[in-house]
Structure formats: C-alpha cells, structure tokens
S.K.: 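Could you have a look at this structure, given as structure tokens, before my questions?
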2 protein chains.
Amino acid sequence: MVQLKQFQCDALLRAAEAACVENGARLTHRRRQVLSALMQSPNPLSAYEVLDSCNRSAATSMPAMSVYRILDFLEQQSLVHRLASSNKYVSCSHIACDHKHFQKTHFLLCEACSSVEEVDATEEANQALDHMASAAGFKLTSQQFELSGICTTCQNNAG
Amino acid sequence: MVQLKQFQCDALLRAAEAACVENGARLTHRRRQVLSALMQSPNPLSAYEVLDSCNRSAATSMPAMSVYRILDFLEQQSLVHRLASSNKYVSCSHIACDHKHFQKTHFLLCEACSSVEEVDATEEANQALDHMASAAGFKLTSQQFELSGICTTCQNNAG
DNA sequence: TCGTGAACGATACATTATATCATTTATAGC
DNA sequence: GCTATAAATGATATAATGTATCGTTCACGA
C-alpha cells in the first residue's frame, strides 16, 4: 500500500460513493474526508490520527465523535478495515475493483515501515489453521488474521 | 482455561517464583497479586480489570501504574501473555511445566465464553502462512496469532 | 412544503495509558 | 549488623483514547 496520488484517490472516492449508493447509504462530505485521509496514508491510522489528518487538510475542524461514527460506518460498508492488533484503520484495497470479500481477508503488516498488504486467504492456510484449532476442540470463525513480517521493499533495503 | 482452585494457584505461584529466580528477577508481593489475579480469571483481563481484581481481594489498594509496570514485567518473564487483539492479558499455560516457548504460541479465543486456549503452532500452519505471506513478498516474523472461534464446551452447549 | 430519519455538532464524561519524582525495600559488600 | 546501591513501589498529575447524550442540521420522500 503506497500513498495515493490525487487522481487515483478521486477515482476511488467515486467508486466508494457508488458502493454506498448500492447499499442505500450515502458518502457524505465528512465520510469522504475520513476515507480520503485513510486512502492517502501509507500506514494504518488510529482514530485520532485520522482526526488530525482531517483537521490539517480542511478548513472546518471535525469533532472526535464524528471520526468514531464515520469509521464505524465505513467499516460496515467494507470501505475500510479495522486492524484489531493495533486498533488502527486502513482503507480497503478493493474499493475500485469488484472484489467482494467472499474470501477471508488477511493483513500483512510490515514491522519496518508499517505498510499493510491486504491478501486473500489461501485454502492451504484455512485448512492448516482449522486443523490446529480443531486439535484443541475449537471451531474457527475468524475472518481476519494480522500477520507481522517484513515487506519486499524493506527486505531489499536491509539486505 | 478454567478458573484455578487455590491449591493449584499456589503451586503455579511457586513455579513462577522459581522461574523468576532463574532469571535473576524477583516475584514480589505485588507481582504475585497481579499474576494470581490472572491465574484465577477464566478470561483475559485488561489492565484495569486486573487492578479491580487485585483491589477486591486485598486490603491495600494498588495504584494503576503498578499494574502496568507489573504486567510488562510478567510478560517479559513469559509468565503472562498479552493478547494484542483485545489488549488483555492471560496467564501462561506453561508456568508449571518445562515448556519453553520454543515454538510459536498461538491463542484460540472463544467468542461465546471468552475463554482462551494457548496452543503451539503446527508445522503445517507455519508453512501455509509462510506461503501466503511470501506470495505477497512478505517474510513473516509473527510469533503469535489470535484466532477466534467456539470452544468445545460452547459447541456442546449450543448444540 | 412539510414530516421524518439520518447525519452531524457540541459537550461532558468515562476509560485507558504514560510521565515523573519521591519513597520504600531488598541485597551486596563491608 | 550497617550502609550504599539499585530495584521496586507509591503517589500524583496529565495525556490519550473512547463513549454517552442531546440538540441541530440536512437530505429525501410523501
């Protein structure tokens, strides 16, 4: 996930708006601000980091309450994802395409640069984790794993 | 993980103390209180839940600062584990045995009863996740996954 | 145009976490 | 046993994060 250029961001916002309309929801100005902040960030942002970002790039200041409300909304619309391990948010990588999150979605978190890569679960991984869980009597329901590691770029920079 | 009876708890505390001594550390009264609170809880506890638990079961009240400090200490000693997804703590399942956390340790979280099961990673799961990550150019370093599901007991109760 | 509900603004407050410094306690060396 | 030292804790203030509540504004349909 890299910081988006403005024209890319605009295209995504149009796609996001279309997705909302399809769900009978609206992508208001405030919601657009929040989503835009996340799309333009190379890293996941906490609620207050989103707030700061919005307030830096806009004339009118947004109340913290709104950020929390709007993040909940955007998450319900699958336009952003919440990373439980860090309690931060990222914009969905699949806003513009027709990806429907049928597969479980996992996140690869780079420990070096904090970038996030959204990936679909593999059947192999699903099975292996199901096995591991069922050996302990658990029936898995998790839809999302957050795995730490080092991304390609940082591997190259280090080596 | 079930709530521990007192005599079990005492045995674990002795083992924990031995482990600390081996590391040149001490299991003080306060640390014992915190560890004991976690051992006696069937569920993971947040820092302030630990605090409340300690203050209910003791004459002298503990400052919040101490809980944070002591949780950090106990985590370093591998006597408790921090669950990143909920930002709560559980006592380690392997205090009394000679388990050394050589393997990656994962946690199965029951969505119904909030119980936690600590399990060793399987080779199968390690490989599957490595594959999934390397397909996206990531080199995994995660040592700990937190997987949600339904535990045996709750499956039976529901069925 | 008006009624309705959704979205937002504003305020207060609750919860969680950290910074800092003083005090106490355990331990080693004498 | 006594003291110097570092570790551990106590105490206080404050920062950061998250929620509750209610009044107002706005979009949309009847």
Side-chain angles (χ1 to χ4, degrees), chain A residues 13 16-38 41 43-56 58-77 79-80 82-90, chain B residues 13 16-38 41 43-56 58-77 79-80 82-90:
Chain A
L13 285 173
E17 174 145 39
C20 284
V21 168
E22 196 164 341
N23 294 345
R26 286 177 303 162
L27 192 64
T28 63
H29 173 63
R30 286 306 200 194
R31 288 169 177 175
R32 193 180 299 261
Q33 272 185 280
V34 169
L35 180 54
S36 181
L38 284 172
S41 168
N43 304 325
L45 298 180
S46 71
Y48 273 80
E49 286 168 347
V50 169
L51 179 61
D52 291 343
S53 169
C54 289
N55 285 341
R56 269 195 307 274
T60 65
S61 102
M62 187 172 329
M65 261 314 300
S66 293
V67 174
Y68 284 101
R69 278 190 291 227
I70 289 172
L71 286 172
D72 285 347
F73 168 83
L74 293 174
E75 198 188 358
Q76 283 195 335
Q77 300 292 319
L79 294 173
V80 310
R82 176 171 178 275
L83 301 177
S85 58
S86 56
N87 199 15
K88 295 188 173 185
Y89 295 83
V90 289
Chain B
L13 285 174
E17 174 145 39
C20 284
V21 168
E22 196 163 343
N23 295 344
R26 286 178 303 162
L27 191 65
T28 63
H29 174 62
R30 286 306 200 194
R31 289 168 176 174
R32 193 181 298 261
Q33 272 184 281
V34 168
L35 180 55
S36 180
L38 284 172
S41 168
N43 305 327
L45 298 179
S46 71
Y48 273 80
E49 286 168 347
V50 168
L51 179 62
D52 292 343
S53 169
C54 288
N55 284 341
R56 267 196 307 275
T60 66
S61 102
M62 188 172 328
M65 262 313 301
S66 292
V67 174
Y68 285 100
R69 279 190 291 228
I70 289 171
L71 287 173
D72 286 347
F73 167 83
L74 293 174
E75 198 187 357
Q76 283 194 336
Q77 300 291 320
L79 294 173
V80 310
R82 176 173 178 274
L83 301 177
S85 58
S86 56
N87 199 13
K88 294 189 174 185
Y89 295 82
V90 289

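Protein chains get the first letters and strands the later ones, always in sequence-line order, with residue 1 at the start of each. What you see is a predicted model; the values in this text were computed from it and never measured.
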S.K.: So B:Arg69, base contact, sugar-phosphate only, or nothing? Heavy-atom distance under 4.0 Å.
M.R.: base
S.K.: Output the single nucleotide from C:dT18, D:dA11, D:dT17 whose closest atom is nearest the side chain of B:Pro63.
M.R.: D:dA11
S.K.: Respond yes when some side-chain nitrogen or oxygen of A:Thr28 is under 4.0 Å from OP1 or OP2 of C:dC8, and no when none is.
M.R.: yes
S.K.: Distance check needed: C:dT16 C1' versus B:Glu49 CD, whole Å only.
M.R.: 12 Å
S.K.: Heavy-atom distance under 4.5 Å between the side chains of B:Val34 and B:Cys54, does that happen here?
M.R.: yes
S.K.: Rounded to the nearest 0.5 Å, what separation is found between the CD atom of A:Glu17 and the CZ atom of A:Arg26?
M.R.: 11.0 Å
S.K.: Can you check whether A:Arg56 reaches A:Ser53 side chain to side chain, under 4.5 Å on heavy atoms?
M.R.: yes
S.K.: To the nearest angstrom, how far is A:Ile70 atom CD1 from C:dA6 atom P?
M.R.: 16 Å
S.K.: For B:Lys88 and C:dA17, give me the distance from atom NZ to atom C1', rounded to whole Å.
M.R.: 16 Å
S.K.: Roughly how many Å is it from CG in A:Leu51 to P in D:dA15, rounded to a whole number?
M.R.: 17 Å
S.K.: Starting at CG of A:Leu27 and ending at P of C:dA6, how long is that distance when rounded to a whole Å?
M.R.: 18 Å
S.K.: How do B:Arg30 and A:Asn87 order along DNA chain D: which one's closest nucleotide is nearer the 5' end?
M.R.: B:Arg30
S.K.: Output the rounded distance in Å from CG (A:Leu71) to P (D:dT17).
M.R.: 13 Å
S.K.: Measure the distance from OH on B:Tyr68 to P on D:dA15 and round it to the nearest whole Å.
M.R.: 17 Å
S.K.: When rounded to the nearest 0.5 angstrom, what distance separates CZ in A:Arg32 from CD1 in A:Ile70?
M.R.: 12.0 Å
S.K.: Using only side-chain N and O atoms of B:Ser66, determine if any of them is under 4.0 Å from OP1 or OP2 of D:dG10.
M.R.: yes
S.K.: Classify B:Met65 by what it touches in the nucleic acid, base, sugar-phosphate, or nothing, heavy-atom distance under 4.0 Å.
M.R.: base
S.K.: Expressed in angstrom and rounded to an integer, what is the separation of B:Met62 atom CE from C:dA17 atom C1'?
M.R.: 17 Å
S.K.: Are any of the side-chain heavy atoms of A:Arg69 and A:Arg30 separated by less than 4.5 Å?
M.R.: no
S.K.: When you get a sec, tell me which of C:dG9, D:dA7, C:dT18 is the closest nucleotide to the side chain of B:Arg26?
M.R.: D:dA7
S.K.: Identify, between A:Ala25 and B:Ala47, the residue whose nearest nucleotide on DNA chain C lies closer to the 5' end.
M.R.: A:Ala25
